[in-house]
Amino acid sequence: MSCNSDCHTCPKSSHQEAAEALAAAQSRYVANNPLSKKQHELAVESLPGGNTRTLLHTSPFPLCMKHGKGTFVWDEDGHKYTDFVGELSAGLYGHSHPVIRAAILSTFDEIGLSLGSTTTYEARYASLLCQRFKLERVRMTNTGTEANLHALAAARHYTRKKKVVVFNGGYHGACFSFGGGKAAPNTADKGDFVVVQNYGDDEAAAEARRVIEETAREGDLAAVLVEGMQGAGGCLPGSKEFLLAAQEAAKNTGAIFILDEVMTSRLAPNGLGQELGLSPDLVTLGKYLGGGFSFGAFGGKKEIMDSVYDPRVKGSLAHSGTFNNNTMTMCAGFAGLNQVFTEEVCVELNRVGDVLRGRLNGVAKRTRLRFTGRGSLIGLHFRENGTFESQERADLRDLFWFEMLEEGFWTTRRGFIAMMLDTPKDELDRFVDAVGRFLERHAGIMMV
């Protein structure tokens with residue numbers, strides 16, 4: 001007869017061992033970071049929860065970073081970390097790239113801030129964005145969230161319909177989140193979204209066709225919105241067949257096919273969509289394309305963009321935003337894309353990322369840890385049986401986060417890594433070794 005997992009004469013379960021290891025790691029974290037703790041206690045006096053960006057909150061308190069240089073950051077307690085957060089893919093250029101610095105200084109000294117008019121700088125950057133990402137027209141916003149907001153508005157105005165098909169695990173900005181197979185409570189126009197329950201594979205392709213066609217038959221389908229690789233969803237790439245199926249179904253039903261490239265435009269020279277042979281009606285962009293400043297953009301087919309957002313067209317929509325064409329963003333973004341993240345540099349960075357992910361999966365063989373992603377964006381997943389069909393182990397993910405901090409690596413607690421340009425190779429090697437040591441140290445709870 002088998003005994004239950006709480007029996008004192010039996011070996012501890014992996015959950016019990018993980019709980020003890022996690023408690024010990026958290027105790028060390030508290031002891032090692034008194035100034036971050038003190039700063040959090042001060043911050044909660046004026047900020048709900050001590051922050052103005054929910055993602056950055058962690059328990060028992062978040063680390064407070066003091067400064068960054070190159071591809072490293074230092075916290076208030078003086079610890080140095082290799083930055084693998086990469087500002088959730090926006091920090092591509094690192095914290096002090098000389099080309100970005102020169103663009104910022106020259107803009108401040110020679111152009112000035114917020115001129116309150118159209119400028120040559122926005123037109124110059126728009127031209128580069130169109131050329132690089134194969135767009136006929138583009139408009140700027142302040143964030144990727146805004147880019148998706150205005151792309152959806154364009155689709156609804158152009159089609160005179162409202163419904164939008166999205167996918168489980170999709171994230172299209174702060175007010176467009178679809179984890180758990182449904183719209184998050186703060187989703188804008190929540191009732192207008194239809195969520196396909198699967199993403200990325202052949203099964204999802206068949207379901208996407210069915211849901212898109214069924215929604216279209218109801219007579220109110222405006223758009224299909226999808227990521228080429230889900231970022232917040234765990235760096236899960238959609239197969240080419242899946243994405244082409246979603247695109248085909250959208251176009252066959254007269255819906256606008258919107259490809260969210262806010263994160264993924266950095267994964268191929270002309271964006272992931274072009275790499276996969278997609279031809280979206282609209283594309284949304286953001287993150288690193290601001291050169292370190294807040295930025296978003298949306299664009300695509302001339303027919304849609306001009307009819308919806310050209311103010312010379314009767315009945316077009318207004319698209320305003322005080323900082324849409326801010327001179328600092330227009331110049332820093334242009335310098336970064338034109339001089340630093342060239343197509344050749346893009347290819348090489350993503351090659352390095354693919355090699356790194358392969359090495360990490362090599363050391364993680366036969367464990368509960370798996371690394372997913374594409375190129376320079378990597379997701380890590382702890383699963384009960386080491387397969388995606390088994391239960392997620394958030395306790396192991398938390399333990400990994402705490403112990404990687406002790407190794408000098410700054411990652412997101414949810415398991416997302418965004419590589420920066422010029423991260424030293426020896427730091428990538430050191431990370432692979434640190435992951436290997438972590439798995440060996442906790443072999444009893446990591447092996448499957």
Side-chain angles (χ1 to χ4, degrees), residues 89 92 129-136 138 144 147-148 151 155 165-172 196 198-209 211-212 223-253 255-289 297-301 304 337 341-355 357-358 371-379 418-419:
S89 81
L92 176 68
L129 290 170
C130 285
Q131 180 273 323
R132 182 71 172 262
F133 300 112
K134 312 307 177 187
L135 310 172
E136 294 177 350
V138 70
N148 281 309
V165 170
V166 292
F167 294 83
N168 186 15
Y171 179 84
H172 305 285
V196 178
N198 292 292
Y199 169 88
D201 57 14
D202 291 344
E203 180 182 353
E207 185 184 358
R209 288 192 193 95
V211 172
I212 291 168
V224 175
L225 173 61
V226 67
E227 299 160 274
M229 179 182 78
Q230 290 188 338
C235 287
L236 303 177
S239 71
K240 180 175 181 178
E241 293 73 22
F242 160 75
L243 293 165
L244 286 171
Q247 174 179 272
E248 180 183 21
K251 297 195 174 186
N252 285 345
T253 58
I256 303 300
F257 183 65
I258 306 173
L259 184 64
D260 183 338
E261 292 245 42
V262 171
M263 276 193 177
T264 61
S265 70
R266 59 182 273 167
L267 297 181
N270 307 120
L272 183 56
Q274 289 291 316
E275 187 80 358
L276 296 174
L278 300 175
S279 54
D281 300 305
L282 295 175
V283 172
T284 55
L285 303 166
K287 300 292 187 182
Y288 72 97
L289 289 167
F298 64 100
K301 291 186 174 179
I304 299 172
L337 191 62
F341 198 53
T342 62
E343 295 190 15
E344 294 76 17
V345 169
C346 174
V347 169
E348 176 60 16
L349 175 66
N350 287 295
R351 184 196 67 79
V352 171
D354 285 334
V355 170
R357 191 179 68 257
F371 292 88
T372 60
R374 183 179 178 121
S376 59
L377 301 179
I378 299 172
M419 295 176 63

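E343 contributes no side-chain N or O that, together with a main-chain N or O of N270, makes up a donor-acceptor pair within less than 3.5 Å. Under a 3.5 Å cut-off, the side chain of T342 and the backbone N or O of V345 do form a donor-acceptor pair. In this structure, the side chain of N168 does not engage the main chain of N198 through any donor-acceptor pair within 3.5 Å. Although no hydrogens or angles enter the test, the distance criterion places no donor-acceptor pair under 3.5 Å between the side chain of Y199 and the main chain of G170. Put simply, the side chain of Q247 gets close to the backbone of S279: a donor and an acceptor are under 3.5 Å apart. Put simply, the side chain of E227 never gets that close to the backbone of L236: no donor and acceptor are under 3.5 Å apart.
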### Task
Let me see the working for I256 and L282 under side-chain contact (heavy atoms from CB on, under 4.5 Å), right down to the final yes or no.
CA-CA 7 Å; I256 303 300; L282 295 175; 4.0 Å; yes
### Query
Hey, mind stepping through R374 and L272 against side-chain contact (heavy atoms from CB on, under 4.5 Å) and telling me if it holds?
CA-CA 10 Å; R374 183 179 178 121; L272 183 56; 3.4 Å; yes
### Verdict with supporting geometry, L285 and F133, side-chain contact (heavy atoms from CB on, under 4.5 Å)
CA-CA 10 Å; L285 303 166; F133 300 112; 3.9 Å; yes
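Residues Q274 and L278 are not in side-chain contact: their nearest non-hydrogen atoms beyond the backbone lie 4.5 Å or more apart. By the 4.5 Å heavy-atom criterion applied to side chains, K240 and E275 are not counted as neighbours. Under the 4.5 Å side-chain criterion, counting only non-hydrogen atoms from C-beta, R132 is in contact with L337. Residues L259 and T284 form no side-chain contact, since every pair of their non-hydrogen atoms from C-beta on lies 4.5 Å or further apart. You'll find the side chain of S265 reaches within 4.5 Å of the side chain of Y288, heavy atoms only. No side-chain heavy atom of V138 sits under 4.5 Å from any side-chain heavy atom of V283. Between L377 and C235, the closest side-chain pair of non-hydrogen atoms falls below 4.5 Å. Put simply, the side chain of L243 reaches to within 4.5 Å of the side chain of V226, judged on heavy atoms.
Taking CG from N148 and CD1 from I258, the interatomic distance works out to 7.5 Å, rounded to the nearest 0.5 Å. Atom CG of L349 and atom CE of M419 lie 5.5 Å apart (nearest 0.5 Å). In this structure, CZ on F341 lies 5.0 Å from CG on L92, to the nearest 0.5 angstrom. Rounding to the nearest 0.5 Å gives a distance of 10.0 Å between CD of E261 and CG of L289. One distance of note links CD of Q230 with OH of Y171; it measures 13.0 Å at 0.5 Å rounding. Note: R209 CZ to T253 OG1 = 12.5 Å, rounded to the nearest 0.5 Å.
Closest non-hydrogen pair, A245 versus A205, comes out as CB-CB, 3.9 Å. In this structure, F167 and A246 approach most closely via the heavy-atom pair CZ-CB, 4.3 Å.
Annotation: salt bridge (charged side-chain N to carboxylate O under 4.0 Å, His left out) contacts of D354 (sequence neighbours excluded): R357.
Residues R266 and S89 bring no donor and acceptor atom of their side chains to less than 3.5 Å of each other. Of the N and O atoms on the side chains of S376 and N350, at least one donor lies less than 3.5 Å from an acceptor on the other residue.
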